[in-house]
Structure formats: C-alpha cells, structure tokens
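One structure is given below, encoded as structure tokens.
Throughout, a chain's letter reflects where its sequence line sits, starting with A, and its residues are numbered from 1.
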Amino acid sequence: MSSQLRSPDAPAITSPAPARGRRLWAVTCASAAGILIIGILDLVIGTPRLSPQELWLIVSGGGPGIARVIVLQLRLPRFVLGVLAGAMLALSGALLQGSLRNPLAGPELLGVSAGATVVVAAITILHLSVLLVLIPWLALAGGVIAGIAIILFMRQRHDSTTLLLTGAAMSALLNAAVIVLISYGSQADISLLFLFLVGSLANRTWMDVQLVLPWAIVCIPLALSFSRLLNIMQLGDDVARGLGLSLERQRVFLLLLASALVAAVVAVCGPISFVALLVPQLVRRMLRTSDARMVLPSSALAGALLLTAADLLARQLFAPQELPVGIFTALIGGPALIALLRGTHYRTRDTV
Amino acid sequence: MLKRIPPAVFLVALLALSACGTAQPSTSTGAGTSSKSNLTYTDATGTTVTLPAPPKRIVCLVGLCEDILASLGIQPVAVNDTLGQDPHYFGAAAKSFAQIGGAFNNPNIEDIAKAQPDLVIGIANAQEQLRAALQPIAPLYIMNPVTYQDSIAYLKDIGRLTGRIAQADAAAQKFLNKLAAYRARSPKTVSTVLIYGSDVNFNIFTSASLPGSILSAVTPYAWPAGAPGSNPSSDHEPGAISGSLEALLARNPDTILIASFTFAPGAQSLSKQLASNPVWSHLSAVKNHRVYEVQPNVYIFGRGTISLGLALDDAMTKIYPDVFPTPLS
Amino acid sequence: MIQFTGARRFQAALILSIVLLAALCILHISVGTVQLTPAQVIASLLNRPVEPYDRIIVWDLRLPRTLIALASGAMLGLSGAILQFIMRNPLAEPDMTGATSGAVLGAVLWLASASGGTGDPGVLVPWVALLGGLVAGIAIYAASGGPAGGPTRLIMTGLLISIMLRSVTSMVLVIQQQAVGSAIGWLIGSLNGRVWVHWDILWPWAAVTIPLGLMSARWANALQLGDMTVKGLGVPLGRARAWLFFVAIALTAGAVAIVGGIAFLGLIVPHIARRIVGVDARRVFPLSVVLGAALMVLADIIAQTAIHTVTLPVGAVLAIFGAPFFLYLVQRSRA
C-alpha cells in the first residue's frame with residue numbers, strides 16, 4: 001500500500017521499492033559520514049588549530065591542558081548542540097509539513113518560532129529570574145499559543161495562502177512585541193539581543209547541551225514514531241477520517257510536538273531560520289518520496305549535517321570575527337527555498 | 001485613461017515635487033577650533049554651531065555631560081538618568097533635576113522643550129538623530145569620547161563655551177595629576193583587562209577604548225589596540241570587541257575586571273554566570289582569585305574626568321593592594 | 001426611515017470619517033508631555049501671542065507630528081486595501097511586499113556605514129529607506145515570477161524574503177554595534193522626533209502615490225473577478241497586478257521610510273472599510289485612506305497618553321490593537 005501513496009502536494013511516489021531503498025541508504029550514509037567529517041573539522045579548526053595527532057591525543061585522554069579544555073569544553077559541546085538542534089529543527093518542519101499537507105508549513109512561517117522567541121526575549125530583557133530549566137517550557141508555551149491560532153484557522157480553510165498569511169500576521173505581531181521589548185532594554189542589552197535574534201551557537205557549552213538533551217531524547221523518537229500517522233494524513237482529510245483518525249486531535253498533538261522541538265532550540269540558540277523549512281523539502285526531492293518513514297529520519301540527519309556545516313562556516317569564514325549561524329541559514333536557505341518552491345503546485349482553494 | 005499616461009510621467013512628477021520640498025542638511029565640516037570665538041563649537045558629527053550667548057540652561061542626555069557639568073560647577077536643568085545623584089557629582093541636589101522621559105536613544109522631545117534649554121548635550125551613535133527635531137528648541141552638541149584625552153578635550157570645550165575655563169582646567173589637571181601619580185608609583189607588573197556584558201556573550205575593552213586608555217597608562221593591559229579580532233569602527237562601545245573565553249584564555253591576564261550589566265535584583269553577576277563555564281576556572285586570574293566586579297557607572301557610563309578618576313582609584317586599589325591600600329587623594 | 005443605498009452609505013461613512021479625523025487631529029495637537037489647554041493650542045495656531053515655548057511645541061513639534069501621522073496612516077491604509085484586492089485575501093498586509101523590511105534594512109545599512117561620528121546621517125536616512133523598500137518590493141515581484149505568478153507565490157516569496165531581510169538587518173546590527181542606538185527608531189515605528197524636515201520628504205510622495213492608488217480602483221475591482229473573467233473582460237491581468245503591486249510598494253516604502261516599521265495598520269483598516277461600504281474598490285480605497293489616517297492619529301494619541309510619563313512607540317500601540325483584532329478575524333473566518 002505504501003508504494004501507492006499519492007498526495008496532491010508532494011512529488012508522486014512512483015519509484016520502485018529497491019531503488020528507493022538504495023537511495024535511502026545512500027542519503028543516510030552520506031549524511032552520517034558528512035556529520036562525522038564536520039565534527040572532526042569542528043574540533044580541529046580554530047585558534048589554536050590542532051593537528052590530527054593532537055586531536056587523537058586529546059580524545060584518548062592526554063594532551064596539553066588548555067587545548068584539552070578548548071576542545072572538550074568549548075568545541076565539542078558546540079558541535080553536539082549543532083547536531084541536536086539541526087535534527088530537531090528539521091524534524092519540526094517535517095512534522096508540520098506532513099500534518100498540514102503543505103510545503104510551506106514551517107515554524108518560522110507559522111509564528112511558532114516567533115512565539116518562542118518573544119518569550120525568551122522577554123525573559124532576557126526584563127531580567128526575569130526564571131529557573132534555567134524552565135525557560136524551554138515557557139518558550140514552548142509561547143510557540144504553542146502562536147501555533148494554535150493557525151490550527152484554528154485550518155479548520156475552515158486549507159489553502160496555502162491562508163496558512164501563510166495567518167502565520168505571517170502572527171509572526172508580525174510577535175516580532176513587533178520583541179522589538180518593543182528590545183527598545184526598552186538598557187543600552188547594553190540591545191546589541192546583545194540582536195545577536196540572540198539572529199540565532200547563534202557561539203559560546204554554548206555542555207550546560208546548554210544538558211538543557212536541550214532531555215527534550216531531544218523524548219521528542220525525537222516521539223516524532224519518528226508518528227511516521228505512519230503522517231503517511232495516513234497525506235491521503236487527504238476525508239480518507240484519514242474514514243480510517244478512524246481523529247484529525248483535529250492529531251493535528252494539535254503534532255503541532256505541540258513540533259513546537260516542543262523548536263522551543264528547546266530557540267531557548268538555547270535563538271531562532272535559527274529556514275532549516276526546518278528547507279531540509280524536509282531537500283530530503284523529499286533527494287529520496288523522491290514522501291514516505292514519512294523515510295523522510296523523517298533522513299531529515300533529522302540532513303538537518304544535523306546542514307546546521308553543523310553552516311556553523312563551521314560561520315565560525316571560520318571571516319575569522320577571527322565570528323558570525324552568527326542564523327545569518328548563513330537565512331542568506332543561503334532563503335534563495336534555495338525560493339528556487340525549490342518555484343515548480344510546486346499550490347492548492348489555492350479547498351479541494352475536500 | 002490610466003493606460004495613456006505612462007508611469008514614467010508620474011515618477012518624474014514625484015521627483016520634481018520632492019525636490020521642491022527638501023530641506024538642506026545643515027552640516028558643515030568644521031576645521032580646527034583655533035580661531036573661533038568662544039561661542040562657536042564643532043562637535044563630533046562635524047557640525048559647527050555658534051551660540052548667541054554662553055549657555056546657562058543645559059540638558060544632559062548622557063552621563064558624560066553630568067560629569068563635565070559637575071566639574072564645572074553648573075547644574076543641568078534636565079537629565080535622563082540618575083547618575084548625577086551620586087555624591088561625587090551632585091548628590092542629593094540631583095533629585096530635583098527634571099527627568100527626560102523616553103528611551104536613551106529616543107528621548108521625549110517635548111520634555112526637552114519644556115526645560116527651555118540653551119544647549120543639549122548628547123553622545124554619538126545614539127542621539128545625533130535628534131538634531132532635526134531639536135532645531136527649533138536648542139543647539140545639539142554631540143560627543144564621541146574614544147580615549148581619555150577626548151574626554152578631557154570635551155571638558156575643556158564645554159568649559160570654554162560656558163565661560164568656566166578655570167574650573168575646566170582645574171578638573172582636567174586634577175585628573176592628569178592623579179593619573180601621573182599612579183603611573184609613577186605603579187610597579188607595572190600585573191596585567192589586567194576590563195570586560196563587560198550581561199550574559200555569556202560579553203565584550204572586552206581594548207586599550208584603544210576609554211576605560212582601556214586609562215588602565216593601560218598605569219599597568220600592563222592585556223588587550224592592545226589593533227589586536228586580531230578588533231575592529232574599532234564596529235564596536236558597541238568605541239574600542240570594545242566581542243569577547244570569548246577562548247580568546248581570554250589565550251592572553252591569560254593576571255587580573256580581570258568585570259562590569260556586569262544586570263539590573264534586576266536577583267540577577268546573577270557576570271562573573272557568576274561565567275563561572276559555570278569550565279574554561280573559566282583555567283584562567284590564572286580565576287585560579288588566584290583576582291577577578292573583581294566593578295561598577296559600570298564609574299568605568300563605562302560616566303566617561304568624564306570624575307568617573308575616570310574614581311575608576312582609576314578603584315582599579316589600582318584592587319590590582320595593587322599592597323602599593324595602594326587606599327586611593328591616592 | 002431612510003434607506004441607505006450603497007452610495008449614500010459610502011458618502012455618509014466618508015463624511016463621518018473625515019469629521020472624526022479632524023477631531024482626532026485637534027486632539028492630537030493638544031496632547032503631549034507638556035500640558036497645553038485647547039485655548040493655548042488655538043492661540044498658537046492662530047499666531048496670537050503666547051509663551052515662546054508653547055509656540056515651538058505646537059508649531060515645530062506637534063503640528064508636523066500630526067501631519068506625518070495623518071499622511072503615513074493614509075498611505076499604509078491604502079496600501080493594505082490594494083494588497084487585499086490583489087491577493088483576493090483579507091489577510092494580506094503591506095509587509096508582504098517586503099517594502100517594510102527592505103526600507104528598514106536600507107535605513108540600518110546607511111546608519112551602520114555612516115556611524116562613527118563622521119557627519120550627520122539623519123537627513124538622508126529616509127531617502128535610503130525609500131530606496132531600500134522599492135528595491136526589495138521590486139525584487140520580490142521579480143522573484144515570484146512577475147505577472148505570471150499567482151498570489152500565493154507572491155505571498156510566499158514576499159514572506160521568505162522578508163525573513164531574510166530581517167536576518168540581514170539583525171546581522172548588520174550585530175557586526176556594526178555602534179549603529180544599534182540610532183537604528184532602533186527605525187525598527188519599531190515611532191513618531192517621536194518627526195518634524196518638518198521629515199514632512200518635507202513625505203508629503204510629495206503621499207501627494208503622488210495616494211491619487212495613483214485611488215485611480216487604480218477600477219482595475220482592483222476587475223481583479224476580484226477571478227483570472228479567467230478578468231482576461232475575458234480584456235483587462236491586462238499581468239500588468240494590472242504589477243501596477244497595483246508597484247503602487248502598494250510605493251505607498252508602503254514612503255510611509256515606512258519616515259516612521260519606521262509599522263505593522264497591522266494595513267491589515268485592520270481595509271477590513272473596517274469593507275464592513276462599512278462593501279467590496280467595491282472605488283469605495284473601499286478612499287475610505288481606507290481616511291480611516292488609515294484616523295487610526296494612526298488615534299494610535300499616536302494613545303501612545304502618548306496611555307501610560308503617564310512614558311511615551312510608547314506608535315508601532316507598539318498598533319501591534320497591541322492588532323492582536324485582539326487578529327483573533328477576532330480567526331474566529332470569524334469562513335471557508
């Protein structure tokens with residue numbers, strides 16, 4: 001049955017199973033290898049630059065004190081955080097695109113990112129003394145509230161235009177709130193906050209990884225377990241309901257999950273844009289399938305690869321000046337998305 | 001009908017109309033200040049203004065202005081912060097200064113107008129936008145102190161405009177004497193650096209900055225100007241660069257001065273936040289317990305000879321407690 | 001009982017709105033941090049002898065502020081109305097064109113490159129912002145396939161590019177941190193400090209673009225009919241859409257160049273106008289102009305008086321208006 005799945009908005013799954021399997025295998029291996037390579041480069045490059053022998057020495061327990069500290073306490077956690085964040089963002093996008101059956105559904109376009117951002121920005125600017133562990137939960141609340149409006153809308157209309165516009169209005173409102181908050185911050189807060197607003201992995205340590213890890217451990221497997229459900233939802237609302245699915249409840253839950261994935265990342269790194277939108281699209285095109293059982297895990301891997309690669313660029317391209325990674329994902333991801341989505345057919349009115 | 005008139009015509013009409021109404025920007029690049037009357041000044045934006053009379057009612061939009069006026073013995077008619085209430089400046093008398101509302105970069109113009117000033121003093125990269133709005137109210141003097149010599153120059157210039165040259169010279173000399181005294185008696189064996197911020201993304205002052213310039217005059221400063229990674233024109237405070245623990249570790253200063261920008265009562269100081277980073281404990285300053293929290297108002301926001309003098313006293317007693325157990329008075 | 005036909009209703013609405021606008025303007029000139037009685041205000045306006053700083057406050061600060069609020073509100077209201085007609089969707093708002101983000105980025109780039117105290121950048125910023133808004137809007141139009149692309153593609157491209165532009169803006173402010181202080185005023189949307197110099201730049205732009213927009217109402221009406229019908233009627237679909245889009249960009253860029261990034265005015269005003277006078281663009285457009293002006297002036301009055309001793313930026317007030325309005329829209333939505 002899975003090979004016959006068609007959906008109006010996705011490329012048709014017409015390739016035979018063995019070819020798909022081969023492609024999946026290829027993509028998975030390439031991503032994993034890529035992540036490994038980037039990881040090594042990440043640990044080696046920087047000031048001080050290490051040779052592979054030195055790196056090996058450090059990894060196996062020896063090595064000069066300062067280099068050891070830098071590699072194990074600064075570069076390694078940053079890399080791990082990049083992997084986790086990239087995977088979580090990509091999965092979030094895949095979940096939203098699958099459940100809303102729209103290639104344009106992504107946390108940044110739906111206002112989910114903006115919702116999480118405004119909460120974190122408020123905490124930072126108003127210097128609210130909130131327990132560090134609580135911040136992702138509060139960000140989640142912000143993201144969910146923003147997303148709920150979208151869900152409410154989707155009950156009535158399903159077309160891309162409405163989706164986009166609703167999300168845009170929500171984001172505009174929340175972005176305005178963030179800017180106002182920033183303007184009343186102190187002189188120093190203002191510039192620090194702009195760094196946050198772009199999304200960055202700089203200066204993140206194991207503490208930040210610890211904050212994100214529980215969310216990753218719970219949400220990533222949970223997201224992957226929804227693959228079958230997503231496949232069913234792609235058949236169309238009527239079919240899904242006919243199969244006994246409570247569509248609204250599932251959509252809300254998927255939104256919650258997607259928001260959770262995004263909120264944890266925003267709480268630690270700020271809103272990194274376009275990874276969630278772009279990666280599932282790329283993966284779907286490379287695998288030439290919309291089968292969620294393949295798209296979800298591949299998206300996670302590809303997202304990790306993309307974000308860590310972008311971060312390495314961000315660190316080194318204009319060394320010693322460091323740029324926030326969010327600027328790379330925006331400048332490269334944006335045009336890439338526009339080019340990718342050129343050929344896509346949009347539903348401009350309801351069809352069910 | 002719409003199709004017949006080409007859009008180009010409208011564009012031309014638009015440009016013509018807008019050309020009629022444009023006011024000319026009132027800038028002129030002032031050359032030196034030598035052969036000017038005592039009522040003419042050229043400020044940091046290059047704008048030259050001639051005042052009709054020595055200014056008596058001055059509105060301060062930045063701490064440096066209050067510092068300068070305190071040295072000159074003039075009270076501002078309105079201010080936008082509470083810096084002046086410190087006893088080193090105006091003390092309790094400052095409580096009665098009118099307050100200008102709005103944000104630091106966007107002060108309420110009507111509050112300024114209400115004070116009926118002869119002169120408004122502000123700082124670059126924040127308030128030079130206000131010149132157009134202040135045109136009918138009072139002239140604007142924009143300052144941009146990058147080193148302590150700049151700060152003294154502004155002190156003397158304001159002193160000249162207000163006719164208080166003697167007080168200005170006295171205050172400048174007092175500061176320079178203090179600086180020379182510290183420089184003479186400092187063993188210059190302990191290096192230091194000043195960092196500031198409110199969370200893990202902190203900034204470092206190079207020696208080409210205002211606080212850096214006085215510190216580097218009296219003790220080795222771990223961050224020379226023009227060090228890799230520094231780009232003076234792009235910095236938040238002139239001469240400050242964004243910092244990282246890796247970079248600090250590379251230079252490993254003997255002492256570290258930290259100015260935390262925290263405003264909520266329960267917020268953690270920057271040193272506590274950085275302490276949670278394992279790299280922090282590898283710094284020799286941390287290992288020897290030579291990390292000191294300092295007051296941002298005095299080191300960073302004051303910018304004038306009074307503040308810088310206080311900063312000098314504070315820094316030297318911390319860095320060389322044996323040589324300077326109490327500040328040189 | 002008077003039967004309100006469409007035309008009568010429109011005329012009544014228009015006249016009432018203009019009266020409302022006039023009242024709000026007078027109120028606006030009267031409010032501010034300095035307490036002035038209406039008598040003092042009128043005396044200043046009529047050049048009768050008053051305290052010197054009363055005159056300055058009324059003539060040099062408040063009057064230009066009111067006029068700028070009026071003009072920019074009118075431009076944004078009309079721009080929103082035009083966009084909602086092009087997109088055939090009640091949720092479109094001027095930021096879709098990218099003009100807002102482009103204008104803000106232009107202003108920030110200029111301030112960043114000019115910062116450091118070498119000359120007074122203030123007067124040129126609105127021009128650069130205008131240019132930025134126009135360039136961004138045109139780029140979005142081109143990237144979305146021009147006349148061939150449908151509304152959805154336009155919206156999508158606009159949104160994606162807006163996000164990109166905002167990221168670039170943030171990055172510029174990260175790299176050139178000295179510019180942050182001056183740039184804040186452009187990011188939020190504020191009427192503080194807007195004086196005659198800014199009016200001089202705004203009024204010619206408004207004087208040309210607002211009539212252009214009003215004259216395009218006929219084409220806007222035609223676009224409502226659906227692509228096939230429009231072609232059948234002989235209206236050049238692509239060119240009509242392009243023209244209207246360009247006018248909307250021009251209106252938005254002009255307003256944002258002076259007051260900064262303002263959201264929601266373009267969303268709210270056409271809705272209200274449509275509820276009052278129906279779907280005929282020849283009625284919705286003029287009413288949007290007047291209502292837009294009125295809403296902006298009202299928002300600025302609230303901004304100055306809501307919290308004692310604190311002046312909010314007008315963009316913040318409009319955003320606060322926008323939230324419940326937006327939720328109301330969500331509730332009301334019908335397929």
For C:M164 against A:A330, the heavy-atom pair lying closest together = CG-O, 3.4 Å

A:L277 versus chain C, the contacting section by heavy-atom distance below 4.5 Å | side chain

Please flag which part of A:P271 lies under 4.5 Å from any non-hydrogen atom of chain C: side chain, backbone, both or neither.
-> neither

Point-to-point distance, once rounded to the nearest 0.5 Å, from CG of A:L337 to CG of C:L159 = 12.0 Å

Measure the CD1-OG1 distance between C:I163 and A:T329 for me, rounded to the nearest 0.5 Å.
-> 10.5 Å

Where A:I338 and C:I161 come nearest, the two heavy atoms and their spacing | CD1-CG1, 3.6 Å

